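Structure first, then comments.
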Amino acid sequence: MPLSHPTNRPPLSLRIVPDLPVRHAGTLELVDSEFMATALDSRWHSDGDLADDRRDLLLLDPALRWAPAIMQALAETTGAPLARVRVLSPVALREVAVIDEIRLPREAGLPCIVRHLHTRRLEPDCPSPAMTRVWRRTRLAVMLADPLQDAEATRWVLMVAAQVRRLGEESPPWTVLGPPSAREAAAQGTPNPPWVQRMRFEPAPARGSVSEAWNAIFKAWQQVR
């Protein structure tokens, strides 16, 4: 999978293996706190990290239509293991989020780490120390919205918009791959608000087409580098 020169095509040609369970190298459970978030951040650092630590890609796929297969295909293509982090609330150890992640080969043009965020909701008014570290390391966040679940897609786009509004300049840029109604939902109530400039909207990939989804994601990644 060598990279030769900058190209609009993904450097990884994903090998899709249908119905193969995702293999996890291990699961790390942590209680969400500043201390544990700092430890988690240290775990993500490696020798030779650049001063600009926004080198990671985050996927949000509420319908689980594309992201699990993308993570699986990345693992199959690169041979890198998948790891999982479970973030637990200090109150009753409620699950805040699950993050699947894979560290990609150190090649020019690739994200350092690709993460798939599993969560029931984004909670912009209840910032999580662990998720704050994730946002700080994310160069691009991509939401994949199933166009056949329009109401659910709209609900998630509104949560993403609220998150971007709260974080302001600290928010990574978002690309939303979804139905046309997604853009309308994000700007609901305020025409062209300043924070919506951090959100880009593109058509959703075909349902079940993992390669098409990855192509769209990597194209968005190249546009923010």
Side-chain angles (χ1 to χ4, degrees), residues 1-28 43-44 46 54-86 97-119 134 137-149 152-153 156 160 172-179 182 200-225:
M1 300 170 298
L3 281 179
S4 51
H5 54 274
T7 172
N8 287 330
R9 299 178 60 190
L12 294 179
S13 178
L14 298 187
R15 181 161 59 96
I16 310 302
V17 184
D19 302 323
L20 186 67
V22 175
R23 297 173 300 184
H24 294 280
T27 299
L28 171 67
R43 174 177 179 267
W44 287 330
S46 61
R54 283 187 179 264
R55 297 187 299 138
D56 300 343
L57 170 66
L58 183 134
L59 307 179
L60 176 65
D61 180 3
L64 301 179
R65 184 69 59 192
W66 298 276
I70 287 173
M71 299 296 286
Q72 172 187 303
L74 288 172
E76 291 290 329
T77 301
T78 64
L82 278 169
R84 170 166 284 186
V85 178
R86 291 186 68 225
V98 174
I99 305 168
D100 290 327
E101 58 186 31
I102 184 168
R103 186 177 291 271
L104 298 186
R106 301 193 70 138
E107 297 180 8
L110 288 180
C112 179
I113 298 174
V114 178
R115 297 187 177 88
H116 174 205
L117 172 64
H118 305 255
T119 184
V134 170
R137 291 188 61 89
T138 299
R139 177 163 293 184
L140 174 68
V142 176
M143 176 182 163
L144 297 134
D146 189 342
L148 296 186
Q149 299 183 13
E152 187 69 1
W156 277 94
V160 168
W174 281 80
T175 292
V176 178
L177 303 177
R200 183 185 181 94
F201 297 87
E202 299 289 348
R207 297 177 95 228
S209 178
V210 179
S211 295
E212 183 180 327
W214 173 249
N215 289 351
I217 291 166
F218 194 78
K219 179 181 178 182
W221 171 262
Q222 289 183 313
Q223 290 172 340
V224 299
R225 293 190 65 247

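The model shown is predicted, which means the values in this text are computed figures rather than measured ones. Just so it is clear, the values below take in all heavy atoms, side chains as well, and ignore hydrogens, waters and symmetry mates.
Applying the side chain to side chain contact (heavy atoms under 4.5 Å, CB included) rule to Pro205 yields the partners Trp66, Leu144, Leu177, Glu212, Ala213; only residues at least two apart in sequence or on another chain are considered. Partners of Arg65 according to the side chain to side chain donor-acceptor pair (under 3.5 Å) rule, which considers only residues two or more places apart in sequence or in another chain, are Asp146. Applying the salt bridge (charged side-chain N to carboxylate O under 4.0 Å, His left out) test to Arg86 and every residue at least two apart in sequence or in another chain returns Glu29, Glu95. Take Trp174 and apply the side chain to side chain donor-acceptor pair (under 3.5 Å) test, not counting sequence neighbours, and it matches no residue. Under the side chain to side chain contact (heavy atoms under 4.5 Å, CB included) criterion, Ala80 pairs with Thr78, Ile102, not counting sequence neighbours.
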(request) Go through the steps for Leu64 and His118 under the test side chain to side chain contact (heavy atoms under 4.5 Å, CB included), then give the verdict. (result) CA-CA 9 Å; Leu64 301 179; His118 305 255; 4.1 Å; yes
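Considering only heavy atoms from C-beta on, Leu140 stays 4.5 Å or farther from Gln223 through its side chain. Side-chain contact between Glu202 and Lys219 is absent, with no heavy-atom pair separated by less than 4.5 Å. No side-chain heavy atom of Arg139 sits under 4.5 Å from any side-chain heavy atom of Pro172. You'll find the side chain of Pro173 stays beyond 4.5 Å of the side chain of Thr175, heavy atoms only. Side-chain contact between Pro111 and Asp56 is absent, with no heavy atoms from C-beta onward closer than 4.5 Å.
Annotation: the span from Ile217 atom CD1 to Met143 atom CE amounts to 12.5 Å, rounded to 0.5 Å. A distance of 11.0 Å separates CD1 of Ile113 from CG of Leu58, quoted to the nearest 0.5 Å. Leu117 CG to Glu101 CD: the interatomic distance, rounded to the nearest 0.5 Å, is 11.5 Å. Annotation: the span from Asp100 atom CG to Leu74 atom CG amounts to 12.0 Å, rounded to 0.5 Å.
Among all heavy-atom pairs drawn from Ala204 and Pro147, the shortest one is CB-CD, 3.8 Å. The nearest pair of heavy atoms linking Trp221 to Gly109 is NE1-O, 3.1 Å. Between Met71 and Val114, the closest heavy-atom pair is CE-O, 3.5 Å.
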